[in-house]
Amino acid sequence: MKEASAPPMNLDSKIPAGPLADKWNNHKAKLRLVNPANRRKYHVIVVGSGLAGSAAAASFAEMGYEVSCFCYQDSPRRAHSIAAQGGINAAKNYQNDGDSVRRLFQDTIKGGDYRAREANVYRLAQVSTNIIDQCVAQGVPFAREYGGLLANRSFGGAQVSRTFYARGQTGQQLLIGAYSALSRQIGLGAVKMYTRHEMLDLVLVEGKAKGIVTRDLVTGAIESWSSDVVVVCTGGYGNVFYLSTNAQGCNVTATFRAHRRGAGFANPCYTQIHPTCIPVHGEDQSKLTLMSESLRNDGRVWVPKNKADCTKPASEIPEDARDYFLERKYPSYGNLAPRDIASRAAKEVCDEGRGVGQVVDGKRLGVYLDFSAAINRLGESEVRARYGNLFDMYQNITGENAYKQPMRIFPAVHYTMGGLWVDYNLQSNIPGLFVGGEANFSDHGANRLGASALMQGLADGYFVLPYTVTDYLAGEKSGSRPSNDAPEFKAVVKDVNDRVAKLLSINGTKSPRYYHKALGKITWEQCGMARDKAGLEGAIRDLQALRKDFWENVKVVGSGDALAPELERAGRVADFLDFGIMMCLDALTREESCGGHFRTEFQDAGEAKRDDAHYAHAAVWQWTGEGQLPARHVEPLVYEETQLSTRSYK
């Protein structure tokens with residue numbers, strides 16, 4: 001099974017020359033500027049209002065640009081960034097434990113299994129220190145030590161304490177900070193906020209991104225919006241698996257619609273499985289719940305050594321009959337091994353028949369996360385102070401008191417490292433289309449370290465895009481943006497209307513949710529934690545058949561000119577079906593194991609086995625037409641100061 005052929009794609013990464021530590025500062029000094037008096041003549045569209053989107057929109061407005069921000073939620077505060085729990089990394093070295101920008105860079109590039117762009121990762125580590133100062137100035141209530149200094153804790157893949165946190169609500173508090181900055185600009189009239197508007201397509205004029213087409217999710221109105229530049233910050237595609245820790249509304253539509261208009265999609269097979277989530281409990285479940293990685297600071301992960309003990313209460317299993325498998329396999333990092341490694345280790349012991357909890361599909365899919373040692377060492381009150389809201393959430397969902405018995409956890413889809421391809425300036429291969437946060441591919445390689453998603457979103461929104469978008473606009477003549485009555489806009493509006501009408505006209509017998517669940521079952525079983533050639537080839541065939549059935553038999557209730565949740569879901573599932581095929585094809589053609597991409601044919605004693613000679617590159621996919629397989633292009637990953645080595649956490 002081969003990908004299609006297509007004309008060459010411009011994948012110039014625009015990485016600046018010079019030493020790694022100097023690239024960003026030297027690059028900023030050379031970027032073009034727009035006179036403050038002229039900025040109001042430019043219109044910037046920001047799609048998405050999570051950390052990256054809110055930060056970018058607020059920053060552009062503060063600089064003087066005319067800004068329109070769109071989100072499908074009823075408030076920017078409902079963006080999924082709010083669900084992040086554990087913390088945000090920054091190389092402040094407040095603990096005096098040897099941290100530095102260089103060490104954060106090295107941990108991140110190693111954590112991504114040497115499949116990230118070196119220069120982008122170093123910049124992320126550099127600006128991380130600015131993020132904390134920005135957020136403290138906004139009033140974000142980070143945890144503090146007794147003397148008033150900001151507190152830190154550890155996260156997976158690091159041997160220092162560099163993670164700043166607000167109990168288990170860090171994403172919520174950071175988003176409130178960004179939302180406050182955005183709200184100020186909305187109040188001043190500098191940002192026009194369009195809630196309950198979903199981007200359904202991108203408009204190109206003379207090859208440049210010049211606007212978007214949206215659907216008002218309340219009235220059903222299809223509208224076009226013209227701008228000088230479009231910035232997409234709409235998150236990841238984890239819901240292609242149906243069950244994930246993402247909110248139900250999270251989708252791939254905005255980025256996939258841009259992909260269909262010519263934007264390259266990079267590394268879609270790089271998906272992150274988070275090791276600490278509440279296990280699946282039944283067939284009718286609609287989403288999964290994250291339990292913060294921060295819990296692994298004090299919680300110990302174990303399963304019974306003997307299968308016969310798996311049905312016993314944890315309290316009846318003596319210490320010498322417990323297998324603390326992460327501590328056994330990875331003594332240097334223990335329970336704070338990186339997410340991909342910890343997830344595979346949990347799957348391995350469950351596949352051996354040593355899982356705990358209820359039986360689902362013939363297996364016990366759970367391992368224990370035990371806080372008894374921490375409670376004995378620190379006292380219940382201290383554990384409650386650190387993690388109380390997480391323990392409360394666990395009890396509300398499971399009915400179990402984790403102060404008295406271990407939590408049960410199991411890996412689940414949480415984050416996606418792939419995304420639209422961008423260069424060093426975060427601009428896609430379509431001029432004028434910039435991409436921030438989880439929607440782009442640039443910083444995390446094949447596996448993201450914990451507490452780095454919030455760092456990237458705010459880094460892109462506050463400290464990268466304001467510089468690079470300004471440089472782009474400096475080359476665009478002010479007042480030259482096209483009217484949304486231009487033929488290009490009318491053509492895209494027609495495409496969107498035709499697609500909506502087609503979905504409504506099929507009038508089949510199966511709901512969009514039926515197809516979403518079927519899609520998720522295929523992708524999770526064949527392109528989840530473990531993948532192989534036969535399974536991926538079968539998955540592509542199954543998804544092609546499912547896509548065909550969808551367009552013949554889906555039933556969408558409601559109408560296009562009113563509130564229609566099933567129409568929203570149908571459009572998103574249609575994109576997920578196309579995207580799922582591309583994701584499986586990417587996994588099939590990457591014949592190595594790296595990070596979250598684990599091909600069972602390519603392993604060494606259960607650990608991922610990379611092939612640097614053939615796959616030290618980003619795979620970038622190009623849309624080739626309806627029903628066709630996409631075309632694969634390559635951006636070689638150039639490492640100037642990083643020595644590629646076998647990733648080890650033992």
Next item on the list: Measure from NZ or CZ of Lys14 to the centre of the six-membered ring of Tyr424 and say whether it is under 6.0 Å with the direction within 45° of the ring axis.
Entry: no
Check: Just by distance, do the side chain of Asp99 and the backbone of Arg103 share a donor-acceptor pair under 3.5 Å?
Finding: no
Next item on the list: Establish, for the pair Arg590 and Tyr615, whether the NZ or CZ atom is under 6.0 angstrom from the six-membered ring centre and no further than 45 degrees off its axis.
Entry: no
Check: Would you call Asp612 and Arg610 a salt bridge, taking side-chain N to carboxylate O under 4.0 Å as the test?
Finding: yes
Margin query: Ring centroids only, cut at 6.0 angstrom: are Phe579 and Tyr237 within range, meaning strictly under it?
Written below: yes
Margin query: Between Arg647 and Gly112 (side chain of the first, backbone of the second, donor and acceptor by atom type, cut-off under 3.5 Å), is there such a pair?
Written below: no
Item checked: Pairwise side chain to side chain donor-acceptor pair (under 3.5 Å) hits with a residue in residues 257-266, at least two apart -> Asp201-Arg261, Arg257-Asp575, Arg260-Glu626, Arg261-Asp495
Check: Is the OH atom of Tyr194 crowded by more than 12 outside heavy atoms at less than 6.0 Å?
Finding: yes
Notebook entry, point to check: Would you say the ring centroid of Tyr65 lies under 6.0 angstrom from that of His43?
Noted result: no
Margin query: If the threshold is 4.0 Å, N to carboxylate O, is there a salt bridge linking Glu223 and Arg215?
Written below: no
Checklist line | Distance-only donor-acceptor check, side chains Gln456 and Asn440, under 3.5 Å | finding: yes
Item checked: Within residues 57-73 or reaching into it, pairs that qualify as salt bridge (charged side-chain N to carboxylate O under 4.0 Å, His left out) - sequence neighbours excluded -> Glu62-Arg184, Glu66-Arg481
Notebook entry, point to check: Is Arg162 paired with Asp107 through a side-chain N to carboxylate O contact shorter than 4.0 Å?
Noted result: yes
Checklist line | Short side-chain donor-acceptor distance under 3.5 Å, Thr642 and Glu118 | finding: yes
Check: How far apart are the C-alpha atoms of Tyr415 and His444, what are their side-chain angles, what is the distance that settles it, and do they pass the side-chain contact (heavy atoms from CB on, under 4.5 Å) test?
Finding: CA-CA 11 Å; Tyr415 186 88; His444 304 297; 3.5 Å; yes
Item checked: Between Thr416 and Thr271: side-chain donor-acceptor atoms closer than 3.5 Å -> no
Next item on the list: Give a yes or no answer on whether the side chain of Gln427 reaches the backbone of Val422 with a donor-acceptor pair at less than 3.5 Å.
Entry: no
Margin query: Please determine whether side chain to side chain donor-acceptor pair (under 3.5 Å) holds for the pair Asn239 and Gln248, giving the CA-CA distance in whole Å, both sets of side-chain angles, and the decisive distance to 0.1 Å.
Written below: CA-CA 8 Å; Asn239 277 350; Gln248 285 239 321; over 6 Å; no
Next item on the list: Carefully, step by step, assess Arg117 and Tyr639 under the rule side-chain contact (heavy atoms from CB on, under 4.5 Å).
Entry: CA-CA 8 Å; Arg117 192 188 284 150; Tyr639 296 102; over 6 Å; no
Next item on the list: Answer yes or no: are there more than 12 heavy-atom neighbours, outside Arg32 itself, under 6.0 Å from its atom CZ?
Entry: yes
Margin query: Using side-chain contact (heavy atoms from CB on, under 4.5 Å), reason through Tyr72 and Cys250 one step at a time and then give a plain yes or no.
Written below: CA-CA 10 Å; Tyr72 66 79; Cys250 294; 4.2 Å; yes
Notebook entry, point to check: Is the closest side-chain donor-acceptor distance between Trp225 and Ser68 under 3.5 Å?
Noted result: no
Notebook entry, point to check: Charged N to carboxylate O below 4.0 Å: is that the case for Arg196 and Asp74?
Noted result: no
Next item on the list: Taking the six-membered ring for Trp and the single ring otherwise, decide whether the centroids of Trp24 and Tyr122 are under 6.0 Å apart.
Entry: no
Notebook entry, point to check: What about the rings of Phe265 and Phe256, do their centers lie closer together than 6.0 Å?
Noted result: no
Next item on the list: Compute the centroid of each ring, for Tyr270 and then for Phe441, and state whether the two points are separated by less than 6.0 Å.
Entry: no
Check: Judged by atom type as modelled, is there a donor-acceptor pair below 3.5 Å linking the side chain of His27 to the main-chain atoms of Asn25?
Finding: no
Check: Taking NZ, NE, NH1 and NH2 as the nitrogens, is one of them in Asp460 or Arg123 under 4.0 Å from a carboxylate oxygen of the other?
Finding: no
Margin query: Is it the case that over 12 heavy atoms from other parts of the model lie below 6.0 angstrom from the CZ atom of Arg102?
Written below: yes
Notebook entry, point to check: With distance as the sole test, does Asn484 use its side chain to make a donor-acceptor pair with the main-chain N or O of Ser226 at under 3.5 Å?
Noted result: no
Notebook entry, point to check: More than 12 non-hydrogen atoms from neighbouring residues, nucleotides or ligands closer than 6.0 Å to NZ on Lys92, yes or no?
Noted result: yes
Margin query: Under 4.0 Å between a side-chain nitrogen and a carboxylate oxygen: does that hold for Arg448 and Asp340?
Written below: no
Notebook entry, point to check: Side-chain donor-acceptor pair under 3.5 Å between Ser478 and Asn38, yes or no?
Noted result: no
Check: Is it the case that Thr195 and His197 place a side-chain donor and acceptor less than 3.5 Å from each other?
Finding: no
